[in-house]
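These numbers come from the heavy atoms of this one structure, side chains and all, not from hydrogens, waters or symmetry mates. Fair warning: this is a prediction, and the values are worked out from it, not measured in the lab.
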Amino acid sequence: MDEMTRKRPRLVFFHRLVTVSKTTAILVILFILFSIFLILLIHNLPISKVSSSNPSRYHWKRDGRRALPLCPLVSPLSVGWLDLSAEIPALLDDSAALRDTTTNAGLKEGGSYQPKDCQARSQIALIVPYRNREEQLTVFLRYMHPFLQRQQRHYTIFIVEQTGDLPFNRGILLNIGFLEAKRREEFQCFIFHDVDILPEDDRNLYSCPDSGRPLHMSFVIDIHDYKPVSLMFLFGGGVIAISELDFIRANGYSNVFWGPGLEDDDFYRRIRRLNMTVVRPQSPVDHLRYRTLYHDADADVDPQRQTLFDEGYLRFESDGLANLRYRLVDLQMKRLYTHIVIDPTLALSND
């Protein structure tokens with residue numbers, strides 16, 4: 001056997017060994033590249049998707065710092081139903097202890113609050129139209145701040161006050177509150193709330209509705225013996241939550257209803273015209289009860305309001321946010337709320 005014949009098996013062995021080594025090296029390199037790809041993919045996932053499967057877990061900010069966990073859908077701080085007959089007299093007591101409690105809760109100037117122990121799921125603007133109801137406003141503010149804080153909400157309360165001698169125009173005030181709030185913060189939704197109505201149970205969740213599904217909240221009211229009222233007979237007056245985009249699509253409220261009545265029904269027709277679905281909370285009825293605060297009936301009733309309502313469909317695109325005009329008289333960041341004072345006289349030129 002010559003020398004080449006003896007060496008041939010060894011050459012085949014080394015050739016196979018080199019081939020196997022190359023294959024192994026390629027596999028190792030592919031595995032490393034795949035691992036790097038997975039790490040980069042996970043790192044760049046949106047925080048909300050990483051944390052949504054388990055809201056109680058901490059997630060991480062881009063700079064490596066640990067962020068707060070998302071607040072639970074149902075707050076552990078809720079206390080349930082409160083007897084407002086006992087609560088209201090205590091809220092009217094202007095005591096130093098009450099003021100200290102409100103301040104120590106973490107309320108910021110302008111009536112803004114966000115929870116310290118968790119990250120709120122959305123930022124809410126509470127818009128309240130107002131004129132000449134000081135006692136009701138006092139009760140409302142002292143009640144609603146603890147109510148919303150127990151729900152672990154991130155919110156700001158805007159009181160939009162009408163000056164002058166013109167009849168009260170709720171639609172204009174809500175439109176103005178929407179625009180002025182938007183100029184100051186980025187809110188995910190807006191809750192339009194009358195000053196003379198209070199939720200009795202903090203399991204009635206003040207949260208943002210889905211897009212295209214405005215939420216009508218105040219339909220179980222004491223003045224109706226707490227019997228749920230059909231949308232055919234009651235809408236909008238009281239409390240309604242809506243997303244920013246939906247309110248803009250509807251062109252806001254009509255500006256032509258001076259005095260009480262029908263601006264809410266007109267708004268209902270606007271959102272139904274856009275094929276939005278008006279929804280109501282799915283909580284038990286006992287959790288959705290509202291208590292009204294007594295006040296004298298408004299005397300400035302416009303005798304033409306029914307005609308204006310009947311012809312409202314002709315003005316859906318031209319009457320509302322599109323032609324809103326007003327004069328901002330004052331804006332102050334008060335301890336319990338952002339105070340917006342307006343003169344609506346300019347709006348008369350739109351009628």
Without swapping roles, check the side chain of H339 against the backbone of M333 for a donor-acceptor pair under 3.5 Å. no

Side chains of S207 and R121: closer than 4.5 Å at any heavy-atom pair? no

Test log, rule side-chain contact (heavy atoms from CB on, under 4.5 Å), inputs N251 and F316: CA-CA 7 Å; N251 195 21; F316 284 160; over 6 Å; no

Does a side-chain heavy-atom distance below 4.5 Å link D201 with R289? no

Is there a side-chain contact between I340 and F158 (heavy atoms, below 4.5 Å)? yes

Over all atoms of both residues, closest heavy-atom pair of P76 and P72: CD-CG, 3.7 Å

Side chains of Q149 and Y155: do they bring a donor and an acceptor to under 3.5 Å? yes

Rounded to the nearest 0.5 Å, what separates atom OH in Y337 from atom CD in Q332? 8.0 Å

Test item: T156 and T338 side chains (from C-beta on) under 4.5 Å apart, heavy atoms: yes

Close side-chain approach of Y290 and Y226, heavy atoms under 4.5 Å: no

May I have the list of side-chain donor-acceptor pairs in residues 124-131 shorter than 3.5 Å, sequence neighbours left out?
unit_1: Y130; atom_1: OH; unit_2: R133; atom_2: N; d: 3.4
unit_1: Y130; atom_1: OH; unit_2: E134; atom_2: N; d: 3.3
unit_1: R131; atom_1: NH1; unit_2: G164; atom_2: O; d: 3.2
unit_1: R131; atom_1: NH1; unit_2: L166; atom_2: O; d: 2.8
unit_1: R131; atom_1: NH2; unit_2: L166; atom_2: O; d: 3.1

Let me check something: do V74 and L68 share a hydrophobic cluster, defined by ILVMFWY side-chain heavy atoms less than 4.5 Å apart, either directly or through other members? no

Minimum heavy-atom distance I197-S218, with the two atoms named: CD1-CB, 3.8 Å

Output the distance between atom CD (Q306) and atom CG (D265), rounded to the nearest 0.5 Å. 9.0 Å

Give the minimum heavy-atom separation between Q136 and L293, together with the two atoms involved. NE2-O, 3.4 Å

Cluster question for you: counting only ILVMFWY and a side-chain heavy-atom cut-off of under 4.5 Å, with indirect links fine, are V341 and L328 together? no

Rounded to the nearest 0.5 Å, how far apart are CG of L148 and CD1 of I157? 6.0 Å

L107 side, atom CG; L336 side, atom CG - distance, nearest 0.5 Å: 6.0 Å

In terms of heavy-atom contacts, L70 and C118 come closest through C-CB, 4.1 Å

Under the rule for side chain to side chain contact (heavy atoms under 4.5 Å, CB included), what residues qualify as partners of R249, not counting sequence neighbours? L245, D246, L274, M276

First locate atom CG of L73, then atom CD of Q151, and finally report the distance between them rounded to the nearest 0.5 Å. 12.0 Å

Non-hydrogen side-chain atoms of C208 and S243 separated by less than 4.5 Å: no

Trace of the side-chain contact (heavy atoms from CB on, under 4.5 Å) decision for L288 with D286: CA-CA 6 Å; L288 304 175; D286 287 347; over 6 Å; no

Using salt bridge (charged side-chain N to carboxylate O under 4.0 Å, His left out) as the criterion, list what pairs up with R150, not counting sequence neighbours. D202

Step through it carefully: locate the ring centre of F192, locate the ring centre of F267, and say whether they are under 6.0 Å apart. no

Between V256 and E263, is the side-chain contact (heavy atoms from CB on, under 4.5 Å) condition met? List the steps. CA-CA 8 Å; V256 303; E263 80 287 334; over 6 Å; no

Single-linkage hydrophobic cluster L82~L77, side-chain heavy atoms < 4.5 angstrom: no

Give the table of side-chain donor-acceptor pairs shorter than 3.5 Å for residues 172-190, with sequence neighbours excluded, one pair per line with atom names and distance.
unit_1: N175; atom_1: OD1; unit_2: Y253; atom_2: N; d: 2.9
unit_1: N175; atom_1: ND2; unit_2: G171; atom_2: O; d: 3.4
unit_1: N175; atom_1: ND2; unit_2: Y253; atom_2: O; d: 2.9
unit_1: N175; atom_1: ND2; unit_2: N255; atom_2: OD1; d: 2.9
unit_1: E180; atom_1: OE1; unit_2: R184; atom_2: NH1; d: 2.8
unit_1: E180; atom_1: OE1; unit_2: R184; atom_2: NH2; d: 3.4
unit_1: E180; atom_1: OE2; unit_2: R183; atom_2: NH1; d: 2.8
unit_1: E180; atom_1: OE2; unit_2: Y326; atom_2: OH; d: 2.6
unit_1: K182; atom_1: NZ; unit_2: E244; atom_2: OE2; d: 2.8
unit_1: R183; atom_1: NH1; unit_2: Y326; atom_2: OH; d: 3.3
unit_1: R184; atom_1: NH1; unit_2: E180; atom_2: O; d: 2.7
unit_1: Q188; atom_1: OE1; unit_2: Q123; atom_2: N; d: 2.6

To the nearest 0.5 Å, how far apart are OG1 in T138 and CG in D93? 11.5 Å

In terms of side-chain heavy atoms, does Y206 have a donor or acceptor partner in H193 at a distance below 3.5 Å? yes

Is it true that R270 and D319 have a side-chain N and a carboxylate O under 4.0 angstrom from each other? yes

Sub-3.5 Å donor-acceptor pair from the side chain of S78 to the main-chain atoms of G80, do we have one? no

Applying salt bridge (charged side-chain N to carboxylate O under 4.0 Å, His left out), name anything that partners D222, two or more places apart in sequence or on another chain. R291

Is it true that a side-chain atom of Q282 and a backbone atom of R280 form a donor plus acceptor pair closer than 3.5 Å? yes

Taking the six-membered ring of Y313, is NZ or CZ of R269 closer than 6.0 Å to its centre and within 45° of its axis? no

Taking it one step at a time, do D225 and K227 satisfy salt bridge (Lys or Arg N to Asp or Glu O under 4.0 Å)? CA-CA 5 Å; D225 297 323; K227 296 177 181 178; 5.0 Å; no

If only atom types and distance count, is the side chain of Q162 paired as donor or acceptor with the main-chain N or O of P344 below 3.5 Å? no

Close side-chain approach of I240 to I191, heavy-atom, < 4.5 Å: no

Charged N-O contact under 4.0 Å between R142 and E87: no

Among the clusters formed by ILVMFWY side chains lying less than 4.5 Å apart, do I221 and L205 turn up in the same one? no

Look at the side chain of D83 and the backbone N and O of S85, then say whether any donor-acceptor pair between them is shorter than 3.5 Å. yes

Do Y268 and I248 belong together in a cluster built from hydrophobic side chains that touch within less than 4.5 Å? yes

Please lay out, stage by stage, how I342 and V329 fare under the test side-chain contact (heavy atoms from CB on, under 4.5 Å). CA-CA 5 Å; I342 65 100; V329 177; 5.6 Å; no

Between D343 and T163, is any side-chain donor less than 3.5 angstrom from a side-chain acceptor? no

Of all residues at least two apart in sequence or in a different chain, which pass the side chain to side chain contact (heavy atoms under 4.5 Å, CB included) check with T307? Q304, E311

Is there a side-chain contact between N323 and S318 (heavy atoms, below 4.5 Å)? no

Any donor-acceptor pair under 3.5 Å linking the side chain of R315 with the backbone of L308? yes

Minimum heavy-atom distance A120-R153, with the two atoms named: CB-C, 4.4 Å

What is the minimum heavy-atom distance between P199 and N204, and which atoms define it? CB-ND2, 4.0 Å

